[in-house]
Each structure stands twice: as C-alpha cells, then as structure tokens.
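We name chains A, B, ... by the order of the sequence lines, and we start the count at 1 in each one. Bear in mind that the values here come from a model prediction, so they are computed numbers and not experimental data.
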Amino acid sequence: MRECKQRALGGYRKRKCYLRYIFFLFSLPPGHTAAPPQHMKEPLAYMRKAQASWENRILKSLNSMCTELGVPLAHKRSTQEQKELINKWNEMGTDEPDLSHFRPVYAPKDFLEVLISLRNPNHDCSEQANSRSHWGLIQVPLGVRDIPEMREAFPELGMMTGQLGIDDHTQVPPDLFETEHVRVGKRVVNEQDSAAAQQYSRQGCPTGLRADLWALILNCTNEPEDVMHYEQLKSAVIIHDLLVDNLIYKDVKLTASNDDYYFVFEDYLYQVLLCFSRDTAVLEHFSYNSATPPKSYIKDKQGVEDFTVVYPPNGVIPFHGFSMYVAPLCFLYNEPARLYRVFREMYVRYFFRLHSISSSPSGIVSLCLQFEKLLQTHLPQLFYHLREIGAQPLRIAFKWMVRAFSGYLSTDQLLLLWDRILGYDSLEIVAALAAAVFAFRAENLMEVMSLAAAEAVLADLSTLKVMPLLQIFLFATAI
Amino acid sequence: MTDTPAACTVKAAVALELGETVTDQSRPGVFVTDVTFPHGQAVKIQEISFKNYYTAFLTVRMQVRDAAQEGSCKWVTCLRNYRLMPNPHTEQGSQDYYSIYRQQMLVEPDDVTLVRFILRQPSASWLNFTLEEIKLYLCPGEDSEKEVPAWLSHLTPVDQPPDLQGLPDPQSVSSSIQQMWALTEVMQTQQTAAPIGRFDVDGCYDVKLLSYM
C-alpha cells in the first residue's frame with residue numbers, strides 16, 4: 001500500500017516537473033501562426049540583422065585563425081591521442097600546451113562596441129529628438145522597467161520580507177527568519193515541487209539546500225539517462241579534437257585559474273565545457289535565441305547539403321570569460337554529470353541572453369539600457385559627472401553584466417544573486433545591481449576625474465553585500 | 001478557419017494631415033489604408049491578420065450593404081483604437097504579427113464591400129508606421145465547397161465498383177501493412193526519450209573552415 005502510494009507520488013512529482021517545463025515553454029514569446037521561425041527568434045528585423053552581421057564577424061575571425069595557424073576546425077584523434085586523453089581526463093589542468101598563438105575569438109569589450117552602434121532605422125535620431133533622449137551609450141528605444149515597475153515585479157525583495165543575505169546576519173537572531181525559512185526550504189525539497197522551489201528562491205536559498213533547490217527549479221533530475229548522456233559526450237570529446245577546445249582551454253587558464261575562488265575547479269571546468277561543446281541538445285535553444293549556429297561542411301564536400309554540420313556541435317562559440325558561467329556552480333555540485341546538467345539548463349534559459357543581440361527584457365541590450373536609465377533617472381548628477389570626464393558608466397559595468405557578476409562578487413554573494421535570477425526567471429536584477437553598485441560608490445565617484453580613476457574605485461566588488469545594496473536601491477530610493 | 005486569404009487589393013496608405021502642404025518638419029500621426037474586393041463583391045469576414053510596423057493603435061471601419069435600403073451602403077466601426085504597442089514610445093509589439101477575429105469585432109462583419117484601416121501613432125519617435133502583409137480570411141459559406149476537403153468530393157460513389165485493374169491484391173497489401181504497423185508499434189515502445197545526439201556524418205567530423213551565411 002505504502003509502496004503504491006509512493007509510486008503514485010513519484011508520478012505526481014514527475015508531472016509537476018513536466019508541467020513546470022510546459023509553463024517554461026509558454027513563458028516564451030507567443031508565436032502567431034503566420035509568423036516565420038525567425039520572428040520567434042527575434043521579432044525586430046534590425047536586431048536580427050545586427051546579430052547576423054556580428055556572427056559573420058566571429059566566423060571570419062575564427063576562419064582567419066584557422067588559416068593563419070594552419071589547423072583544422074575539427075579532426076579525429078589518433079588512437080594514441082585518445083588513450084592519452086582518457087588517462088588524463090581528471091587532471092587536464094596539469095597539461096600546459098603552448099596556446100600563445102590562439103586568441104579569444106572576442107572579448108566583452110568588442111561586443112559592447114557592437115551594442116553601442118546598434119540603431120533602429122525607423123527611429124528619429126535627429127538633433128531635435130536627441131535633446132530629449134538619454135545620455136547613455138545604448139540608443140535603441142526598448143522598453144525597460146524603472147524603479148516603481150521593478151518594485152511591482154520584484155515585491156519579495158522589499159523591506160517587509162525576510163531575505164537570506166540580510167536577515168541571516170550574525171547579529172540578527174535566527175528565530176526571526178532564518179530558522180523558519182530553512183524549515184520551509186526542507187519541505188519544498190521533500191515535496192519536489194518545482195514551482196514552489198522557484199517562489200522560495202526569491203528570498204534566497206540556504207547554502208545546504210541550494211544545490212537541490214536549483215536542480216528542482218531547473219528540472220534537472222539526476223536520472224541514469226543523464227549520467228549516460230554525459231558519458232556519451234565524454235566519449236565524443238575523446239574521439240574528436242576541436243579548435244574550440246583550445247579556446248576553452250585558454251579561457252579557463254586566463255580567467256578561472258587566476259581566480260582566488262575558482263582555481264581549484266580547473267579540471268571540472270574543462271570537463272564540463274568540453275562536453276558542452278559536443279552536446280547537440282543545446283541546439284534546441286536556437287529556436288528562441290536570436291543567434292544562429294555556425295555551419296560547415298565535412299572535409300571536401302563543400303556545398304553538398306547532406307554533409308552540412310554545425311560547428312561546434314552545440315552551436316556556441318565560447319568567448320573570453322565564458323567559463324565563468326560554470327565556475328560558481330562547481331561550489332554546488334560535485335558529480336560532473338549533475339554539474340553539467342544544471343549548467344546546460346542555466347545556459348539555455350539565461351546565459352545565452354547575455355551574449356546575443358535581442359530585444360528580450362533579459363537580453364544584454366535591455367540590461368544595458370535599463371542600467372543606464374536607472375542611473376540617469378536616480379543619480380543624474382553622478383551620470384552627468386562621469387559622462388563629462390569621459391567615463392561612461394556602461395563601459396565599466398558591461399563586463400559585470402555580461403558574466404552576470406560571476407568572478408566579480410564573492411561566491412556567497414554571487415549565489416544569493418543567482419538565487420533571485422532563478423526565482424524571478426529574469427536577468428533584470430543584474431542591471432539593477434550594477435546601478436546599485438554605482439549608487440553605493442557615488443560619493444567616491446563624484447571625486448574622480450578620469451575613466452581610470454573611476455575604474456579603480458569600482459575595481460574590487462568582492463566586499464559588497466548584494467542584497468542590502470539591491471534592497472536599498474530598489475525600495476529606499478526616493479521616487 | 002479557411003486556409004487561403006481572400007483575394008483583395010490593399011491600397012496605398014494615405015496620410016491625414018492638417019492644412020494642405022506636407023512639410024518635412026511634422027510627420028502625420030494617422031494613416032488610412034483601404035482594402036477592396038474584386039468586382040464589388042460583398043464578403044463575410046472571419047479573420048484579419050497582419051504584421052505590424054510601428055502602429056500603436058488600430059481602428060477598423062467597414063462599408064457594408066444596408067439591408068434596409070436596397071443598393072445603399074453604410075459605414076460601421078468594427079474595431080476602435082485597438083492597442084498594438086503597449087507603450088507607443090518603445091519597441092514592444094512594433095513588429096509583431098496580429099490576428100483580429102470576428103468575435104472580437106464590435107459589429108459582425110457581414111456583407112462587407114470595403115475595409116478601412118485607420119492607423120494611429122501618437123509617438124514622434126518613429127519615422128514611419130504602417131501595416132504589412134494584410135490578409136483577410138472569409139467565413140466558409142454554408143453551401144460553399146470549401147468546407148469539404150477536396151479529396152472527399154472525388155470519392156467514387158458506392159454503386160460504381162472501382163477500377164482495380166493493374167493494382168496488387170488488396171488482401172496481400174493489407175497483410176504487409178499490418179506487419180509494418182506492428183513494427184512501428186515495437187519501435188515506439190522501445191524508444192527512449194533521450195535523443196542520440198550525433199553530430200558527425202557517418203563517423204566523420206573533419207571540418208576545415210566555417211561557411212558564411
């Protein structure tokens with residue numbers, strides 16, 4: 001009887017996950033029957049065009065690197081090489097190949113220039129119109145939330161609601177909030193309810209429960225199929241050698257390996273990122289991503305339709321700093337297969353939006369604009385001053401936002417921020433935090449006289465406490 | 001719903017402006033586009049679909065045959081200031097596809113001889129605004145053949161034995177199909193949810209350069 005009940009409950013739990021997934025699909029922009037597939041990817045024609053020309057630039061850069069170095073994009077490893085790779089799978093970081101000739105395909109700075117030059121051809125950019133437009137670098141008229149709208153959309157971040165990251169401070173007695181919150185968290189995990197986990201995450205996840213809660217929100221069950229899928233990807237890595245592997249290798253060496261928090265995870269990062277590049281399941285997200293995966297042809301079959309392949313197999317060319325999307329997750333999951341599943345899900349839901357040109361409210365263009373508008377509206381003196389000395393705020397904040405602050409905040413603070421990304425299913429909180437950081441350092445920034453000095457003031461964010469900053473900026477600013 | 005849009009002519013948009021001269025300084029905030037039907041035909045509209053291009057509000061007026069007075073027409077408003085862009089100053093909805101159904105209209109669009117779209121854009125941010133890909137779908141008439149799929153109307157009447165000459169024996173065809181059906185059933189039950197996810201072609205993934213779009 002009991003077994004029966006448990007089995008039934010299991011089915012119910014699965015169904016909850018499934019319903020949650022259906023809900024996720026419905027949260028995507030509604031498709032009209034007459035709308036072509038590219039409209040689903042991105043409704044604005046000029047954004048699609050800008051994305052396509054940016055992709056062409058990346059392709060050219062990758063192709064010219066291939067030609068210069070005389071290396072193919074992909075080839076099969078010899079049996080000897082395959083054996084060697086299997087042997088050192090768990091210690092890939094010890095290898096020190098000469099990668100000095102490889103350069104990252106692009107860095108966030110290059111991408112920012114593209115976003116700055118983005119224009120709507122139907123938008124009035126004349127002198128007269130410009131006088132009323134805003135002072136920032138992003139000149140596209142997207143609709144973004146201001147503070148009153150943010151208060152409405154993110155009510156749980158308000159002063160009256162308990163928050164992990166504020167109300168779990170050592171000086172606050174745990175009976176007030178923390179104890180009860182942890183108790184509820186345990187119940188949510190036991191119930192295996194994905195929607196409840198998401199709602200719960202809005203007030204922050206306790207450290208001990210975070211891994212389970214995030215997996216629940218993202219519907220990443222640790223089924224045997226997932227482990228098998230991961231093993232398949234691993235064997236695909238072992239068989240084929242890709243040029244992007246070198247880019248991944250170099251990126252990890254340049255970023256995570258140099259980071260005080262993340263260097264210990266170097267080997268994990270290689271494993272996850274190499275497997276990610278071979279995962280064709282990632283291709284599905286291109287139906288709602290404005291980006292299009294690069295194409296190529298097998299060996300000498302140029303132009304033959306049957307021999308078209310996507311390169312890399314997952315369609316994502318990593319850029320400088322890409323590995324920082326994975327690094328914080330290493331704190332939560334120690335089985336590579338589970339770590340991998342959660343990262344892939346985070347990527348196809350959120351992170352892809354941070355490096356493709358789109359009009360989505362969570363897209364990087366909207367985030368940049370939202371950051372600039374928040375700053376201009378609520379700290380006009382600061383914005384004007386920085387602009388006058390040639391230190392456009394976005395030039396400093398862009399790198400934080402492209403990585404969703406990974407590598408800039410201390411890990412505990414970063415995870416508290418990502419709790420809210422998952423909880424609200426939105427990246428807007430990232431733009432709000434960037435503005436809040438400027439607000440927090442406003443006094444010092446008013447005294448600087450150059451971009452370099454402003455950058456120095458904001459160089460170290462590792463001591464900041466994310467939740468108090470956000471709460472004060474969103475809920476205590478006079479409007 | 002019918003699959004093919006009705007034949008109609010979408011006329012060029014006319015700007016509504018104050019005064020007689022058109023100046024560069026001010027742009028019109030209202031455009032009017034008429035849609036007519038061939039041979040002065042009167043139609044019964046089911047759905048209007050179009051792709052927006054920076055129009056904030058849409059009003060649809062129709063000229064319908066007046067039932068009370070033979071030979072005369074009257075104007076009715078089917079849709080008044082329907083919002084296509086939530087905020088006229090920002091991009092949302094500016095290039096989206098829309099469908100307006102019969103049920104949404106203020107007046108039932110029967111006996112329509114002319115459809116007039118009145119487009120409004122109060123924001124001065126945009127250089128131009130219009131509607132693209134305007135398509136009108138008609139109600140399937142009660143006696144029209146459109147309701148019946150084409151293949152149905154070509155069925156052979158029962159009393160006429162079909163011409164089976166040159167065709168294989170129906171018995172053997174049906175038995176071989178049964179086997180195929182059984183095979184697909186077996187395939188379906190054995191299928192796992194996980195896709196195989198191959199990216200190579202016949203085991204080969206040797207790639208030299210990327211191709212441009």
task: Using a 4.5 Å cut-off on heavy atoms from C-beta on, say whether the side chain of B:F199 contacts that of A:Y311.
output: no

Can you check whether A:R77's main-chain N or O pairs, donor with acceptor, with A:Q82's side chain at less than 3.5 Å? yes

Query raised in the report: Would the number of heavy atoms belonging to other residues, nucleotides or ligands and lying under 6.0 Å from CD of B:Q103 be above 12?
Result: yes

| For the rings on B:F50 and B:Y97, is their centre-to-centre separation under 6.0 Å? | no

Ordered numerically, the heavy-atom neighbours of chain A under 4.5 Å found in residues 79-95 of chain B are B:H89, B:T90, B:E91, B:S94, B:Q95

Within residues 60-73 of chain A, contacts to chain B at heavy-atom distances under 4.5 Å involve A:K60, A:L62, A:N63, A:C66, A:T67, A:P72, A:L73

Only one of B:R61, B:R116, B:K11 passes side chain to side chain donor-acceptor pair (under 3.5 Å) with B:D34, and that residue is B:R116

When every non-hydrogen atom of A:L115 is compared with those of A:I138, the smallest separation belongs to O-CD1, 3.9 Å

**Item:** Any side-chain heavy-atom pair of B:R102 and B:K44 under 4.5 Å
**Value:** yes

salt_bridge(A:D124, B:R27) N-O dist < 4.0 Å = yes

Most heavy-atom pairs under 4.5 Å with chain B, out of A:A74, A:S296, A:A236, belong to A:A74

If one checks every heavy atom of A:V310 against chain B at 4.5 Å, the contacting part turns out to be backbone

With a 4.0 Å cut-off, would you call B:K74 and B:D111 a salt bridge?
-> no

Under 6.0 Å between ring centres, would you say that holds for A:Y297 and A:F307?
-> no

The interface call for A:P361 against chain B, heavy-atom contacts under 4.5 Å, is neither

Cut-off 4.5 Å, heavy atoms of chain B, and the answer for A:L233 is neither

* State whether the number of non-hydrogen atoms from other residues, nucleotides or ligands found under 6.0 Å of B:W181 atom CH2 is greater than 12. => no

Looking only at A:R278, A:K76, A:K295, A:H39, the option with the highest number of non-hydrogen pairs under 4.5 Å against chain B is A:H39

- request: Taking the six-membered ring for Trp and the full ring for Phe, Tyr or His, determine whether the centres of B:Y205 and A:H75 are under 6.0 Å apart.
  value: no

When the 4.5 angstrom heavy-atom criterion is applied to B:Y54 and chain A, the contacting part is side chain

Passes side chain to side chain donor-acceptor pair (under 3.5 Å), B:S123 versus B:Q121? Steps please.
-> CA-CA 6 Å; B:S123 169; B:Q121 177 48 275; 4.5 Å; no

Honestly, the part of B:Y53 sitting under 4.5 Å from a heavy atom of chain A is side chain

In short, B:S211 meets A:L59 closest at the heavy-atom pair O-CD1, 3.6 Å

So, the part of A:D226 with a heavy atom under 4.5 Å from chain B: the answer is neither

Highest number of heavy-atom pairs under 4.5 Å with chain B among A:D279, A:L142, A:L44 belongs to A:L44

